[in-house]
Amino acid sequence: MKCKTIEFKDGVLKLIDQRKLPGIVNFYEARTYKEVEFAIADMVVRGAPAIGATAAYGVYLAALEFKDLNREDFLVKVFEADKELAAARPTAVNLTWAIRRMEKLLKANQDKSRDELLSLLLKEADKIVREDIEINKKMARYGNEIVPEGATVLTHCNTGALATVDYGTALGVIREAHYSGKNIQVYADETRPRLQGARLTAFELVEEGIPVTLIADSVAATLIRDGKIDLILVGADRIAANGDTANKIGTYMLSELALKFAVPFYIVAPTSTIDFEIVNGKEIEIEERSAEEVTHIKGVRIAPEGIKVYNPAFDVTPAENITGIITEKGIVLPPFREELAKLKG
Ligand code: MRU
């Protein structure tokens, strides 16, 4: 992608404002952890790996803000800020994963001078950013092994450079297949209500000239039934220890169709998206977002005043509907509980 999703320079976190894409390419600047928290909650930045990397800078900015406090107050304030950052969006585990990683470093180095500690925290956030790109490239290479020549691939939501630091998870595999000359075609679900597919996935693929057809979410069933889809690739926001996977609302429906019509259904996610602390998907907290996301489009009301709305942002795909999970450590096949456990640590 031409623009960077996340960039930290001279104390400022610069994020491409994904609320305004594709029409307006604008940048949001965060100088405080509160501004970072807002950016995550309001979806200036979104996508599990991207919000993890963003939150890492949020922790750094909190430490910078409270750096002149005595050690005890400093730690209390930074940990309070971390809690606020972690609560900005509850489903994607990458958010708490990145915050915990920063906190671990902070605890281990609390005796160092404040300047030294700040420098270590900034380096760690930068490292998370660098690692994310490397991990995506690895997943893309593993994932490309299961993409047939000339395949038509269906994807949901946005799992690309915009959802990560760069390249993407499921969209990273799609990129890799395209650039390795496999002559693939992509169908992108529009992904109501936030339209990440129409606004963001289409933006990325059109920019790079990767053949893509945009469809309303409800078209997917017809395409799958008619044998027009060879492979479904999606990302993940949290994977339970048994392989149950939370991803953008609508993913579960696709997985049921994939099962019924024997279409391979793969999750592409870094191991930081696996939550080994939960045994299955029932324990995953599903974020519910505002009614306005459903009742309005670009500020224009499309449903009557007073209508009741149910707007979960994610759903859980049961492990038995998943063909495989593509990670940076390789492709994990069932039985997921046993096979995922091997990736721990
Ligand atoms: O609500 P969003 O846009 O943050 O949801 C994003 C998704 O569900 C993605 O599929 C997931 O984070 C994986 S992204 C690499």
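We count ligands from 1, going down the list as the structure has it; atoms in each ligand are counted the same way. Residue numbers start at 1 and run along the sequence shown. A quick note: this is a predicted structure, and the numbers were derived from the prediction, not measured.
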So, is the end of the [X] side chain (NZ or CZ) under 6.0 Å from the ring centre of [Y] and within 45° of the ring's axis?
{"X": "Arg114", "Y": "Phe74", "value": "yes"}
{"X": "Lys329", "Y": "Tyr142", "value": "no"}
{"X": "Lys14", "Y": "Tyr28", "value": "no"}

(message) Is a donor from one side chain sitting under 3.5 angstrom from an acceptor on the other, for Glu288 and Asn311?
(response) no
Closer than 4.0 angstrom: is that true for some heavy atom of [X] and an atom of ligand 1?
{"X": "Ala92", "value": "no"}
{"X": "His156", "value": "no"}
{"X": "Glu287", "value": "no"}
{"X": "Ala313", "value": "no"}

(request) May I ask you to decide whether Glu103 forms a salt bridge with Lys83, counting only side-chain N to carboxylate O separations under 4.0 Å? (result) no
(message) Under a 4.0 angstrom heavy-atom cut-off, which atoms of ligand 1 come close to Thr169?
(response) 15 (C)
(message) So if I count the atoms of ligand 1 from 1 in the order they appear, which ones are less than 4.0 Å from some heavy atom of Gln196?
(response) 1 (O), 2 (P), 3 (O)
(request) May I ask you to identify, for Cys157, whether its side chain, its backbone, both or neither come under 4.0 Å of ligand 1 on a heavy-atom basis? (result) side chain
(message) Once you restrict to heavy atoms under 4.0 Å, what part of Arg194 touches ligand 1? Side chain, backbone, both or neither.
(response) neither
